[in-house]
Amino acid sequence: MNLDGLPYMIEPMRREDVPTVHRIETQVFPLPWSAYAFRYEVTYNGNSTYLVLRYTPWAGERREGILPQPVARLLGRADKDPSLLGYGGFWMMAARAHISTLALRPEWRGRGLGELLLASLCERALQRGARVINLEVRTSNIVAQHLYEKYGFGIIKRHEGYYSDNGEDAYIMSTQSYSVQKYQEHLETLTQRLRERLASQTKEPPRDDEGESA
């Protein structure tokens with residue numbers, strides 16, 4: 001998706017992003033991944049693709065003043081990169097991409113940025129040769145299900161007791177494999193509409209959960 005002229009960018013997740021990614025992970029999910037798991041994915045797993053979403057007005061400041069990780073950890077700042085708003089990733093298994101995670105800072109919700117991450121993951125999956133994209137979602141997460149349905153995912157299975165924190169069931173959702181070209185065309189239409197939505201926004205950047213600029 002072309003983000004020229006928009007205050008956002010999508011780029012590959014790096015090791016130095018992991019502390020902030022893990023901080024968001026613990027805010028969003030009741031069963032968060034460990035920082036080690038993310039470091040493994042971005043360093044060693046050649047079958048994975050992980051992306052981060054940045055707010056570009058703050059990204060330049062981050063890069064100009066970034067501290068070495070040992071120093072940042074001592075100062076308690078290793079997990080506070082305000083420009084990193086969200087992240088997502090998938091695993092490639094033959095011609096199938098499985099979206100393993102997708103998360104956005106809670107204070108930035110409602111702006112279409114979760115959709116931007118999803119669209120970016122779907123685009124990268126197609127670029128890597130995926131014919132099918134799937135994921136799992138809590139049965140109670142109706143908002144996410146509607147977004148996934150918009151992007152061509154349908155429920156193919158109910159997995160009972162999938163989530164160990166509360167025993168909740170999961171829906172396994174998947175795109176269809178019979179026409180990659182048709183799905184590509186659908187995705188292009190959706191991303192164009194999303195770009196128009198992002199370009200028309202006038203909301204001020206939110207503050208984070210500690211009262212600081214996010």
Engineer: Between P12 and D17, which heavy-atom pair has the shortest distance, and what is it?
Structural biologist: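 P12 and D17 have their closest heavy atoms at O-OD2, 4.1 Å.
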Engineer: Considering non-hydrogen atoms only, spot the tightest contact between P7 and P57 and give its length.
Structural biologist: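 Heavy-atom minimum between the residues: O-CD, 3.6 Å.
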Engineer: I'd like to know if Y148 and Y162 are part of one continuous hydrophobic network [Ile/Leu/Val/Met/Phe/Trp/Tyr, side-chain heavy atoms within less than 4.5 Å].
Structural biologist: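 Different clusters: Y162 never reaches Y148 through Ile, Leu, Val, Met, Phe, Trp or Tyr contacts under 4.5 Å.
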Engineer: Using atom types as modelled and distance alone, determine if a side-chain donor or acceptor of Y183 lies under 3.5 Å from a backbone N or O of Y151.
Structural biologist: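 Indeed, once roles are kept as given, a pair shorter than 3.5 Å links the two residues.
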Engineer: Atom CG in L53, atom CG in L104: separation rounded to 0.5 Å?
Structural biologist: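 So the gap between those two atoms works out to 7.0 Å.
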Engineer: Under a 3.5 Å distance rule, please check whether T43 uses its side chain to pair with a backbone N or O of Y40 as donor and acceptor.
Structural biologist: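 Flag not set: sc T43 to bb Y40 has no pair under 3.5 Å.
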Engineer: Cluster question for you: counting only ILVMFWY and a side-chain heavy-atom cut-off of under 4.5 Å, with indirect links fine, are Y163 and V28 together?
Structural biologist: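 Result: no, two separate clusters.
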Engineer: Looking at every heavy atom in both I99 and F153, which two are closest together, and how far apart are they?
Structural biologist: CD1-CZ, 4.3 Å
Engineer: Under 3.5 Å, is there a donor-acceptor pair between the side chain of T101 and the main chain of G89?
Structural biologist: no
Engineer: Is it true that a side-chain atom of K150 and a backbone atom of E115 form a donor plus acceptor pair closer than 3.5 Å?
Structural biologist: no
Engineer: Any side-chain to backbone donor/acceptor pair from R39 onto V18? Under 3.5 Å, distance only.
Structural biologist: no
Engineer: Look up atom CD in Q192 and atom CG in N2, then write down how far apart they are to the nearest 0.5 Å.
Structural biologist: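 Q192 CD to N2 CG: 9.0 Å, rounded to 0.5 Å.
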Engineer: Please tell me if the side chains of V143 and H146 come closer than 4.5 Å, counting only heavy atoms from C-beta onward.
Structural biologist: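 Heavy-atom side-chain distance check fails, nothing below 4.5 Å.
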Engineer: Closest heavy-atom contact between S120 and I10?
Structural biologist: OG-CG1, 3.5 Å
Engineer: Any chance you could measure L51, atom CG, to E11, atom CD, to the nearest 0.5 Å?
Structural biologist: 9.5 Å
Engineer: T175 side chain to I133 main-chain N or O, any donor-acceptor pair under 3.5 Å?
Structural biologist: yes
Engineer: Do the ring centers of F38 and Y87 come within less than 6.0 Å of each other?
Structural biologist: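 Between F38 and Y87, the centre distance is under 6.0 Å.
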Engineer: Is there a donor-acceptor pair closer than 3.5 Å between any side-chain N or O of E25 and the backbone N or O of W33?
Structural biologist: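 Yes, E25 side chain to W33 backbone: donor-acceptor pair under 3.5 Å.
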Engineer: Would you find a donor on one side and an acceptor on the other, under 3.5 Å apart, between the side chain of Q145 and the backbone of R138?
Structural biologist: yes
Engineer: Same cluster or not: L113 versus M1, using hydrophobic residues (I, L, V, M, F, W, Y) connected whenever any side-chain heavy atoms lie under 4.5 Å apart?
Structural biologist: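 Shared cluster, yes.
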Engineer: Looking at every heavy atom in both M92 and A125, which two are closest together, and how far apart are they?
Structural biologist: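 Heavy atoms only, the tightest pair is SD-O, 4.5 Å.
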Engineer: For the backbone of Y50 and the side chain of E41, can you confirm whether one donor and one acceptor N or O come within less than 3.5 Å of each other?
Structural biologist: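 The answer is no, because no donor-acceptor pair under 3.5 Å joins these two groups.
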Engineer: Look at atom CD of E196 and say whether more than 12 heavy atoms of other residues, nucleotides or ligands are closer to it than 6.0 Å.
Structural biologist: yes
Engineer: Do you reckon L194 sits in the same ILVMFWY cluster as L187, going by side-chain contacts under 4.5 Å, direct or chained?
Structural biologist: yes
Engineer: Just checking R128: does its CZ atom have more than 12 heavy atoms from other residues, nucleotides or ligands closer to it than 6.0 angstrom?
Structural biologist: yes
Engineer: For the CD atom of E188 and the CD atom of Q184, what is their distance to the nearest 0.5 Å?
Structural biologist: 4.5 Å
Engineer: Taking it one step at a time, do L190 and H186 satisfy side-chain contact (heavy atoms from CB on, under 4.5 Å)?
Structural biologist: CA-CA 6 Å; L190 291 173; H186 178 60; 3.3 Å; yes
Engineer: Only counting residues at least two apart or in another chain, list the ones meeting side chain to side chain contact (heavy atoms under 4.5 Å, CB included) with S174.
Structural biologist: R96, V132, N134, I156
Engineer: May I ask whether L118 and I155 are part of the same hydrophobic cluster, defined by side-chain heavy atoms of I, L, V, M, F, W, Y residues being less than 4.5 angstrom apart, directly or through others?
Structural biologist: yes
Engineer: Which other residues end up in the same hydrophobic cluster as I142, if Ile, Leu, Val, Met, Phe, Trp and Tyr are linked when side-chain heavy atoms come under 4.5 Å apart?
Structural biologist: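 Under the 4.5 Å side-chain rule, I142 groups with nothing.
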Engineer: Do you know the tightest heavy-atom contact between S140 and E168?
Structural biologist: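 That closest heavy-atom pairing would be OG-OE2, 2.6 Å.
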Engineer: Measuring from atom NZ of K203 to atom CZ of R111, what distance do you get when rounded to the nearest 0.5 angstrom?
Structural biologist: 5.5 Å
Engineer: Please round to the nearest 0.5 Å and tell me the distance separating atom CZ of R54 and atom CG of L3.
Structural biologist: 13.5 Å
Engineer: Set out, in order, the CA-CA distance, both residues' side-chain angles and the distance that settles side-chain contact (heavy atoms from CB on, under 4.5 Å) for H22 and T26, then state yes or no.
Structural biologist: CA-CA 6 Å; H22 185 248; T26 59; 3.8 Å; yes
Engineer: Would a distance-only check, ignoring hydrogens and angles, find a side-chain to backbone donor-acceptor pair under 3.5 Å from R105 to L84?
Structural biologist: yes
Engineer: How are the rings of W58 and Y55 set relative to one another: parallel (under 30°), tilted (30 to 60°) or perpendicular (over 60°)?
Structural biologist: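 If you compare the ring of W58 with that of Y55, the planes turn out perpendicular.
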Engineer: Taking it one step at a time, do H98 and F90 satisfy side-chain contact (heavy atoms from CB on, under 4.5 Å)?
Structural biologist: CA-CA 5 Å; H98 176 76; F90 63 85; 5.8 Å; no
Engineer: Could you check if a side-chain atom of V42 sits within less than 4.5 angstrom of a side-chain atom of R15, using non-hydrogen atoms only?
Structural biologist: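 When only atoms from C-beta onward are counted, R15 and V42 do touch, with a gap below 4.5 Å.
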